[in-house]
**Student:** 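First the structure, which I've put down as structure tokens, then a few questions once you've had a look.
In what follows, every heavy atom counts, from backbone to side chain, and hydrogens, waters and symmetry copies are set aside. This is a predicted model, so every value here is computed, not measured.
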There are 2 protein chains.
Amino acid sequence: MPQADASPRKVTLSDIADGCGVSRATVSLVLRGSPLVNADTRARVQAEFRKQGYVYNRAAANLRSGTSSAVALIVNDLSNPYFAEFAAGVDEALAGAGCVTLLGSTGESAERQDQVLASLLEHAPAGIILSPAEGSDGAAVARRVGVHTPLLVFNRELAGDFDLLALDNRHGAQLATEHLLALGHRRIAFFGGHRDSSSCRQRREGFVAALADAGIAAEPGWMVETAPTRLEAARQAGALFARDPAPTAAVCYNDAVALGLQLGLAARGRQSGRDFAVVGFDDIPEAAVSSPPLTTIGTDPRARGRQAAYRILARSRDATIAATRTIAPVRLVVRESSCKPSKDLA
Amino acid sequence: MPQADASPRKVTLSDIADGCGVSRATVSLVLRGSPLVNADTRARVQAEFRKQGYVYNRAAANLRSGTSSAVALIVNDLSNPYFAEFAAGVDEALAGAGCVTLLGSTGESAERQDQVLASLLEHAPAGIILSPAEGSDGAAVARRVGVHTPLLVFNRELAGDFDLLALDNRHGAQLATEHLLALGHRRIAFFGGHRDSSSCRQRREGFVAALADAGIAAEPGWMVETAPTRLEAARQAGALFARDPAPTAAVCYNDAVALGLQLGLAARGRQSGRDFAVVGFDDIPEAAVSSPPLTTIGTDPRARGRQAAYRILARSRDATIAATRTIAPVRLVVRESSCKPSKDLA
DNA sequence: CGCCGCATTTGGATCGATCCAAACGCATGC
DNA sequence: GCATGCGTTTGGATCGATCCAAATGCGGCG
């Protein structure tokens, strides 16, 4: 019977050793499943583990062995469903590998990011997965992280020689644009995002390239900038219809912006999927259940999270692996928000 | 100039001591801001910190001092926006207190929860915040956690003498129901959730009580059970209209279910806020931007997260604090999904 | 001149695990 | 009887910080 003994002191490896008359070293070997120990001894020690309710002290082990089983994950904001999904993927993969996730969030502030990095580094993580805050300085990050901890940059470019996992933003926007072109649209806007963010820049490039391939020049007045939030996007929807002719469709910076645009359209008596076509980017869970369901570019953030975790674990096992830049593929998910141009507008 | 020296070994406190000709003990005192050390010495040591690029090794310090600055947070699923918000709140408060968040997720499996608890305990956290997986056994949790680590149970009841932070589910459902009654509804359903979850049970109780106060008996056929997901809820929407007369309004188990119900209604040619009133529970971010925006019960998960963090920190500083049960208040957030009963249905 | 008190500094033990070289018991072979 | 080898076990040093009792330097005071 495991006794819920309210003992004052924690049980250590020495207690186990004393308890069954072997040395600490032997107990340690059992702990790590070494084939060296005799089957009998192993059984006795393991019984003692249960009897005394031993819990392994990983910090002590790490101190001696110099390795660590924690990985730091730093995102801007967990309440962003895209990052939440990503974090869930990271945690899932790390847990599967027997590692634990150290969480940090920056709230898009480069200053806080530096503090969070410093704080997490004190726990000597095996690696760091960082989605850089806007405006972060690659050199500052590199200086803070140092040469001992592998770093994987996710989602945004960061100046410097970093391991990178990014989305194929350019190709995704291209897919979205081509989809609208194939439906018959000719007057297409690019809606939302901040021009100075690398992901927005890349998506705009893909958009412009797809239009160019179809022999269409992007209309500067239809490249509308907004904060990447629903609310801001809803407010700015009017900018699309400032002049005549107005666009009949929009490629949006991301799903949040697209959902905001849907609201903004509704407020102006239009409805996406009926008299205006909207395409998002990310395929966050809400995209499938908005009204109408949003056509978007699927990035599978959970799978990206798992991928990031595997990458950082591989690098922490073998520090000689060179930093690589991975561009994860994306795919078009067609739902109902993208319609053909209505006749009276075409 | 901070030199980005690619030194092979990590800088330790001894290196600093050697570097400026004092003992390790003195350096340690500087590190902890002790008033004992001479201002001159302190300055010299701090200069050396910067020069050598020292990073504190918290694991080593914890080993000796027996304390830890990490707090474990275990939730079912980060991709649930309610938990994501909660986690963001926890992390925010912990970071403010100089602590770090250890993340774990159970995916609603009691078995995985036990594994995750075991894994996180090996890092000797200062405390654990646990949102128990469905069907978890309080005794098993208590046995696993032991007496050395303060535990705060969040969101769900767990049999046993635990520190608890829960929502006022009963009162929230009562508010929702009273709101619909005040609008003139008399035929009101309770939609979604699993009967065996404690939160669903409490919400149902509040619902039934509010109806009873108005002299109305709850109709068993209108207590519809579903998994607490959008998809499942959308599928089950038809169950409300199986018989005549049908309800004119529904109190939903949570927002996810309410959003699903809105979709299910639309698929049947009805629209919430026009010919059927819907009230949710939680006030997740999507609630404000669904169509129409959802009337719901605000629980402020981010504030709950901060509250949980403060509670567990207080307990870890003073273990003699008795376990307490806190029921956090909730409030009604009226939006557009709750309308008066339409005349032809009333 | 020697002793005291104050401010500051220090060596050594310690936390709980791991690593390593060495030792142990025992059967085998010459 | 002694060296050899194998399977198993072990003591002691070690990781990087903290804790504590004791030492140090120094100015003042009887």
Side-chain angles (χ1 to χ4, degrees), chain A residues 7-46 48-49 52-70 121-126 146 148-149, chain B residues 7-46 48-49 52-70 121-126 146 148-149:
Chain A
S7 69
R9 226 169 42 75
K10 285 195 181 176
V11 177
T12 79
L13 183 147
S14 299
D15 297 327
I16 302 297
D18 296 352
C20 54
V22 294
S23 74
R24 292 191 325 273
T26 305
V27 178
S28 177
L29 288 174
V30 171
L31 218 40
R32 286 171 291 151
S34 161
L36 287 179
V37 309
N38 182 293
D40 257 18
T41 320
R42 188 200 318 284
R44 263 178 30 238
V45 170
Q46 276 167 344
E48 196 72 17
F49 280 152
Q52 299 203 26
Y54 173 75
V55 301
Y56 188 63
N57 183 333
R58 218 166 264 275
N62 293 346
L63 175 57
R64 177 62 232 245
S65 67
T67 66
S68 162
S69 67
L121 277 166
E122 294 185 350
H123 290 85
H148 298 297
T149 315
Chain B
S7 69
R9 227 168 42 77
K10 285 195 181 175
V11 177
T12 79
L13 182 147
S14 300
D15 297 327
I16 302 297
D18 296 352
C20 54
V22 294
S23 73
R24 293 192 323 273
T26 304
V27 178
S28 176
L29 288 174
V30 171
L31 216 41
R32 284 170 294 153
S34 161
L36 287 179
V37 309
N38 182 293
D40 257 18
T41 321
R42 187 199 319 286
R44 265 181 27 240
V45 170
Q46 276 167 345
E48 195 72 17
F49 280 152
Q52 299 202 25
Y54 173 74
V55 301
Y56 188 62
N57 183 333
R58 220 166 262 278
N62 294 345
L63 175 57
R64 176 64 231 243
S65 68
T67 66
S68 162
S69 67
L121 278 166
E122 295 183 351
H123 291 85
H148 298 297
T149 314

**Student:** From the 5' end of DNA chain C to its 3' end, which nucleotides mark the outer limits of contact with chain B, defined by a 4.0 Å heavy-atom distance cut-off (strictly under)?
**Tutor:**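 That gives a stretch of dT8(C) to dG16(C).
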**Student:** Check for a donor-acceptor pair, side chain of R58(B) on one end and backbone N or O of S69(B) on the other, with a separation under 3.5 Å.
**Tutor:**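 Pair absent, no side-chain N/O of R58(B) close to backbone of S69(B).
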**Student:** What N/O pairs connect the protein and nucleotides 25-27 of chain D at under 3.5 Å? Give each pair on its own line.
**Tutor:**
none

**Student:** Looking at residues at least two apart in the chain, or sitting in another chain, which of them share a side-chain hydrogen bond (donor to acceptor under 3.5 Å, both in side chains) with T26(B)?
**Tutor:**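 T26(B): side-chain hydrogen bond (donor to acceptor under 3.5 Å, both in side chains) contacts with S23(B).
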**Student:** With rounding to the nearest 0.5 Å, note down the distance linking OG1 in T149(B) to NZ in K10(A).
**Tutor:**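 Rounded to the nearest 0.5 Å, the OG1-NZ separation comes to 5.0 Å.
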**Student:** Once side-chain hydrogen bond (donor to acceptor under 3.5 Å, both in side chains) is applied, do any residues pair with S28(B), and if so which ones, sequence neighbours excluded?
**Tutor:**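 S28(B) satisfies side-chain hydrogen bond (donor to acceptor under 3.5 Å, both in side chains) with R32(B) only.
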**Student:** When you match A60(B) and R32(B) each to their closest nucleotide on DNA chain D, which lands nearer the 5' end?
**Tutor:**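 Whichever sits nearer the 5' end wins; that is A60(B).
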**Student:** Go through V22(A) and R44(A) one step at a time and tell me if the side chain to side chain contact (heavy atoms under 4.5 Å, CB included) criterion holds.
**Tutor:** CA-CA 10 Å; V22(A) 294; R44(A) 263 178 30 238; 3.6 Å; yes
**Student:** Report yes if the side chains of E48(B) and V27(B) come closer than 4.5 Å at any heavy-atom pair, otherwise no.
**Tutor:**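 E48(B) does not reach V27(B) side chain to side chain.
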**Student:** Which heavy atom of A60(A) sits nearest a heavy atom of L63(B), and at what distance?
**Tutor:**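 In this case the closest contact between A60(A) and L63(B) is CB-CD1, 3.8 Å.
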**Student:** Considering the terminal five base pairs at each end of the helix from dC1(C)-dG30(D) to dC30(C)-dG1(D), what angle separates the two local helix axes, rounded to 10°?
**Tutor:**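 Terminal axis comparison yields 90°.
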**Student:** Please encode protein proximity along nucleotides 4-10 of chain D as a string of B, S and -, counting only heavy-atom distances under 4.0 Å.
**Tutor:** ----BSB
**Student:** Answer yes or no: is there a donor N or O on one side and an acceptor on the other, between the side chain of D18(B) and the main chain of D15(B), under 3.5 Å?
**Tutor:**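 No, because the side chain of D18(B) does not come within donor-acceptor range (under 3.5 Å) of the backbone of D15(B).
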**Student:** In the structure I gave you, are the side-chain heavy atoms of F49(B) and V11(B) within less than 4.5 Å of one another anywhere?
**Tutor:**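 When only atoms from C-beta onward are counted, V11(B) and F49(B) do not touch, as no gap falls below 4.5 Å.
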**Student:** L29(A) versus V45(A): any side-chain heavy-atom pair under 4.5 Å?
**Tutor:**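 SC-SC contact between L29(A) and V45(A) ruled out.
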**Student:** CD of Q46(A) to SG of C20(A): how many Å apart, nearest 0.5 Å?
**Tutor:**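 SG of C20(A) is found 10.5 Å from CD of Q46(A).
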**Student:** If I take atom CG from residue L31(B) and atom CZ from residue R42(B), how far apart are they, to the nearest 0.5 angstrom?
**Tutor:**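 Reported to 0.5 Å precision, the distance equals 11.5 Å.
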